[in-house]
Each structure stands twice: as structure tokens, then as C-alpha cells.
Amino acid sequence: MKFSLAKEHLHFYQQHGYVEFEGIIKIQKLQQILYAIRKEHFESNEQHYEKHHDLWRSSHEIKKSLFHRDIASIVADLNGVKPLRVGFDQLIPKGFEHEKPLSLNEMGSIQGIAGGYLLCLQDCPGGDIIQPDLVEGERLVMAPFSTEAGNMLFIDPDIAIDFSLMPCDHLLISFAGPKAIYCHNASDPHNHEFKKYSYSFGDKISESELPTVLREFNL
């Protein structure tokens, strides 16, 4: 798959902090991704959230399809960052609420997130994307969610998002820049995950843990 970024895409992204793409993931591929996401029964959305993190580490299908180099190139063009590495992925179930709206940079324990996107996992007719307001040139909290299964909504990593307004389940995919640092983040329930790989807060995360997806120069 190969996608070109039009000037209109970049202008919209720079103005609003998000831009939606259709048709990147086909329905058949989406079904394979859904199959890769475990479907155990959990008592709460909080358990869903905690158990469905960094699925790419155990699912070749998610790593191959959702951290694809051509998708990473869209993130690189939108945010002006290259090379790009795998960041983290996170299933966000409908109805899950954080204590406050969070940006992509505030959700994980990796300092140096360059960008990412929300993959809509199911059709949710009747849902609406809430447009951000502008106050003195600054964007307010917003809820930029797609309502069609398979659509990708690329998001600015510094924009705060109100996930309580999400109309259906989404899978969050993030990419790290060339320098990724393991950082303390009290709001991340997976804050201590990298310690099992012998990392301490403040350590640079190696290529073996967060592999490069898109290099600065690709032949």
C-alpha cells in the first residue's frame, strides 16, 4: 500500500490537529486485526484498557499492518519527524474515561512520541466528530473520532482528547521519534512495563525494544 499526502491534508491537519483517511485498512484486514485482539470477558472497561496494551509485541498481524512503513510515512509528513520507530498501541473501549482529557504524549511512558492515529474498529452510525474551537490561536480539548470501521484518524501528539465522547471502540497506534526515553507517568497503568526489560526511568529505549519502522532515507 502506498499513500500520498495532499496539500489539503496537511493544511487541515495543521489547522485542526487531526485528519481522517479512508480505505487504508480494508475490511478483510480489519477482521484479522480484530481477531488478533483478544476477546476475553472483562468486568470493566478499565480491565479492557489494562489488558490490551502493546498488542504488537504478541501479534505479528498488528505489527505488520498497523506499524507499516507507508502508514508511518503519513505520520512523518504530517509531523515533520523522521526516522520513526514503533511507539505503543492501546485499545480504548467505548465508555472508558480518563481522569482528564489526555494528549498522545501524555498517555504512555515513552518520551519522544512523534505522532499516531486512531483506528476505528466498528461502524458507529450517528456519531459525530466534534470540531475543536479556537481561542487566541490555541486549540481546546476535542473529540476527533471516526465513525466508520477501518478509517484512520491521524492526531497531533500534543492535542488533548476527550475519550469519554468516543462513540465506539478504537485502537490507538503511536510512533516514537529517533530518540525515545522511558519516563515516569503516574497516569499510565503500564508505567512499569519497561522495567521487565531492565530499563530505569530516564533511560534511552533501544532499537531492540522499539524497532525503526521508517528510516531517514529509504531506498
Side-chain angles (χ1 to χ4, degrees), residues 13 17-18 24 33 36-38 46-93 96 98-119 152-161 163 170-219:
Y13 184 83
Y18 70 89
I24 295 181
I33 292 168
I37 298 174
R38 297 185 301 274
E46 286 74 15
Q47 289 180 329
H48 273 290
Y49 187 91
E50 291 178 12
K51 296 295 183 180
H52 293 91
H53 175 77
D54 270 0
L55 299 172
W56 71 270
R57 295 187 183 275
S58 58
S59 171
H60 176 70
E61 189 59 52
I62 287 179
K63 181 180 178 181
K64 179 182 71 173
S65 300
L66 301 185
F67 288 99
H68 194 280
R69 188 178 73 178
D70 290 340
I71 296 176
S73 69
I74 297 176
V75 175
D77 290 343
L78 289 172
N79 297 284
V81 178
K82 203 175 181 181
L84 287 179
R85 303 163 64 185
V86 171
F88 64 89
D89 63 69
Q90 176 66 60
L91 176 67
I92 306 179
F96 180 77
H98 289 277
E99 293 181 0
K100 63 176 183 177
L102 294 173
S103 70
L104 186 56
N105 267 323
E106 295 171 321
M107 293 189 68
S109 299
I110 302 172
Q111 187 181 77
I113 294 297
Y117 64 91
L118 286 161
L119 172 66
M152 293 179 176
L153 197 121
F154 291 81
I155 51 177
D156 185 307
D158 294 316
I159 296 301
I161 299 174
F163 288 99
H170 281 68
L171 185 61
L172 174 66
I173 303 293
S174 72
F175 293 84
K179 185 178 180 181
I181 306 294
Y182 179 35
C183 63
H184 177 68
N185 182 357
S187 65
D188 178 15
H190 313 100
N191 190 213
H192 298 288
E193 284 294 304
F194 279 100
K195 289 185 177 180
K196 66 184 180 184
Y197 304 116
S198 300
Y199 285 92
S200 299
F201 294 129
D203 287 349
K204 293 181 181 179
I205 305 174
S206 72
E207 173 80 12
S208 61
E209 301 304 335
L210 299 179
T212 296
V213 179
L214 183 71
R215 301 192 180 279
E216 189 169 1
F217 300 102
N218 287 292
L219 300 178

Checklist line | Sidechain-backbone polar pair: Gln90 side chain, Ile173 backbone, donor-acceptor under 3.5 Å | finding: no

Item to complete: Determine, stepwise, if the pair Leu171 / Leu55 fulfils side-chain contact (heavy atoms from CB on, under 4.5 Å).
Response: CA-CA 10 Å; Leu171 185 61; Leu55 299 172; 4.3 Å; yes

Value for CG (Leu78) from CG (Asp156), rounded to nearest 0.5 Å, stands at 9.5 Å

Query - Side chain proximity check, Met152 to Leu66, heavy atoms < 4.5 angstrom - result: yes

Walk me through it: do Ile74 and Tyr13 pass the test side-chain contact (heavy atoms from CB on, under 4.5 Å)?
CA-CA 11 Å; Ile74 297 176; Tyr13 184 83; over 6 Å; no

When you measure from the side chain of Arg85 to the backbone N and O of Pro178, does any donor-acceptor pair fall under 3.5 Å? yes

| field | Under 3.5 Å donor-acceptor, Tyr199 side chain and Glu193 backbone | value | no

Closest non-hydrogen atoms of Leu102 and Glu106, given as atom of the first, atom of the second and distance, are CA-OE1, 3.4 Å

Between Phe67 and the options Phe88, Phe175, Tyr117, the ring pair (Phe, Tyr, Trp, His ring centres under 6.0 Å) test singles out Phe175

Taken in chain and number order and not counting sequence neighbours, the residues that satisfy side chain to side chain donor-acceptor pair (under 3.5 Å) with Glu61 are Lys29, Ser65

key: Ser59 side chain vs Ile62 backbone, donor-acceptor pair below 3.5 Å   = yes

- Please tell me if the side chains of Ile71 and Phe154 come closer than 4.5 Å, counting only heavy atoms from C-beta onward. yes

| Any chance the side chains of Asn191 and Asn185 put a donor and an acceptor closer than 3.5 Å? | no

For Leu172, is there any backbone N or O sitting under 3.5 Å from a side-chain donor or acceptor partner on Asp89? no

Interatomic distance, OH@Tyr18 vs CG@Leu118, rounded to 0.5 Å, equals 12.5 Å

CD of Glu207 to CD1 of Ile205, rounded to nearest 0.5 Å, is 12.0 Å

Residue set satisfying side chain to side chain donor-acceptor pair (under 3.5 Å) with Lys195, at least two apart, ordered chain then number -> His192

Closest non-hydrogen contact found for Ser109 with Asp188 is OG-OD2, 2.6 Å

Between Gly115 and Asn79 the two heavy atoms that sit nearest each other are CA-ND2, 4.0 Å

Note: Arg69 and Val213 closest approach over all heavy atoms is CG-O, 3.6 Å

Output for pair (Ile113 CD1, Asp158 CG), nearest 0.5 Å, gives 11.0 Å

message: Looking at Lys204 and Glu209, is there a salt bridge between them, counting it only when a charged N and a carboxylate O are closer than 4.0 Å?
response: no

What one should report as the nearest heavy-atom pair of Gly177 and Leu84 is CA-CD2, 4.4 Å

Distance col, row Lys63:NZ vs Asp54:CG, nearest 0.5 angstrom, shows 11.5 Å

Distance col, row Asn105:CG vs Gln111:CD, nearest 0.5 angstrom, shows 8.5 Å

Using side-chain heavy atoms (C-beta onward) and a distance below 4.5 Å, is Met107 in contact with Ile92? yes

